[in-house]
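Report on the following structure.
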2 protein chains.
Amino acid sequence: MKIPIQVSVDRAEPIYHQIEVQLRALILSGQLAEGTQLPSIREFASDLSCSVITIRRVYQDLENEGILRTRQGTGSFVAQVGETVREQYRKEAVIEAMRGAVRTGFGVNCTVEELHILFEKAIEQVSMEKKE
Amino acid sequence: MKIPIQVSVDRAEPIYHQIEVQLRALILSGQLAEGTQLPSIREFASDLSCSVITIRRVYQDLENEGILRTRQGTGSFVAQVGETVREQYRKEAVIEAMRGAVRTGFGVNCTVEELHILFEKAIEQVSMEKKE
DNA sequence: TATACTGTGTATATCAATATATACAGTATA
DNA sequence: TATACTGTATATATTGATATACACAGTATA
């Protein structure tokens, strides 16, 4: 099973964190349904060109959050996630990212009008990415 | 001189990187005018509760980019920055952050309409921060 | 000149992130 | 049962980030 996750070593953010963030999003948004089996840590590490230890770290962290369940010999599965948790996360993660972007904009003295223009451009650009 | 920069050890992003990003923004947006003297590395490290080495790292990196000039015994100063470089940076940094936020939104299946709503909310919230 | 500051160089140490490797225990399948 | 897979544990190693400390060289000021 191919998980739509990408990591970049060029960013200051550690790899394990990049994976956690994206995997958490896939789970909490429902794109990975409850009960779905995730790739083995060896397979996933190979897919993302990182070490098994890194993936295990991710799986363990998410298991500690209760959104993954792992069984030795069998694999890791998406756990049951409450609808409240989902909706909360869904909104919070996005608005947090938005706040960061707005702070960046204000940090370089953008006006609100400029922010809107750049936001539309960003949507356009990311929408085109999705088509690939 | 008090530099409006904040760092958080809770984020996955390394401290030196957080400082670089914010200091670069202040310089390239013109908020720190050419010729402005920055705090000494000892003073700045104390302000931000980190080590001198970390600040030194930041100053050296930005000097390598040509936006700072440093003189032993005297201090570090904002260098002359071409208007083209400023404008380019200004737009690029913001739209990059926007793209990240939009990806996060799409990552949890937000519609474009939802993105707009959350964006307005983010602007509102960050604007209130600025008043403090 | 002495003192207080500035950045630079160097050393040592710790922790986090990450890699590779091996072995073990558990599960699934032929 | 044997094999191939699964996660777990452990070891070793490297690199990056960060801290503290000390000493040196250069600048600024009284």
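Here is how names work: the chains are called A, B, and so on, in the same order as the sequence lines, proteins then strands, and each is numbered from 1.
Residue contacts for B:Arg56: at a heavy-atom cut-off of 4.0 Å it reaches a base atom on one of the strands shown. Within 4.0 Å of A:Arg57, counting heavy atoms only, lie sugar-phosphate atoms of the nucleic acid but no base atom.
In this structure, CD1 of A:Ile19 is placed 13 Å from P of C:dA17, rounded to the nearest angstrom. In this entry the distance linking OH of A:Tyr59 with P of D:dG7 reads 7 Å, nearest Å. Between A:Glu63 atom CD and D:dT8 atom C1' the separation is 12 Å, expressed in whole Å. Between the P atom of D:dT20 and the CD1 atom of B:Ile41 lies a distance of 14 Å, rounded to the nearest Å. In this structure, B:Arg11 places its CZ atom 17 Å from C1' of C:dA16, rounding to the nearest Å. If you measure from atom CD of A:Gln60 to atom C1' of C:dA17, you get 15 Å, rounded to the nearest angstrom. In this structure, A:Leu38 atom CG and D:dG7 atom C1' are separated by 13 Å, rounded to whole Å. When the C1' atom of D:dG7 is taken as reference, atom CZ of A:Arg69 falls 15 Å away, rounded to whole Å.
Atom CD of A:Gln88 sits in a sparse spot, with 12 or fewer heavy atoms from other residues, nucleotides or ligands closer than 6.0 Å.
A sub-4.0 Å separation between OP1 or OP2 of D:dA19 and a side-chain N or O of B:Ser51 is present. In this model, the phosphate group of D:dA19 is approached by a side-chain N or O of B:Thr54 to a distance below 4.0 Å at OP1 or OP2.
Taking for each of B:Thr70 and A:Arg42 the nucleotide of DNA chain C with the nearest heavy atom, the 5'-most of the two is the partner of B:Thr70. The residue among B:Ser40 and B:Ile53 whose nearest nucleotide of DNA chain C lies closer to the 5′ end is B:Ser40.
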Worksheet entry | Pair assignment for DNA chain D - dot-bracket with | for other-strand partners, Watson-Crick or G-U under 3.5 Å | ||||||||||||||||||||||||||||||
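Here C:dA17 is the nucleotide among D:dG7, D:dT18, C:dA17 with the atom lying nearest to any side-chain atom of A:Tyr16.
Salt-bridge annotation for A:Glu129 and B:Arg103: present, with a side-chain N of the basic residue lying under 4.0 Å from a carboxylate O of the acidic one. Look at A:Glu34 and A:Arg69 and you find no salt bridge, because none of the NZ, NE, NH1 or NH2 atoms lies under 4.0 Å from a carboxylate O. By the 4.0 Å N-to-carboxylate-O rule, A:Glu87 lies close enough to A:Arg90 to be salt-bridged with it.
Between the side chain of B:Arg71 and the backbone N or O of B:Phe77 there is no donor-acceptor pair closer than 3.5 Å.
Taking both residues in full, the closest heavy atoms of B:Arg86 and B:Ser29 are given as NH1-C, 3.9 Å, listed atom of the first, atom of the second, then distance.
In this structure, a donor-acceptor pair under 3.5 Å is absent between the side chains of B:Glu113 and B:Thr111.
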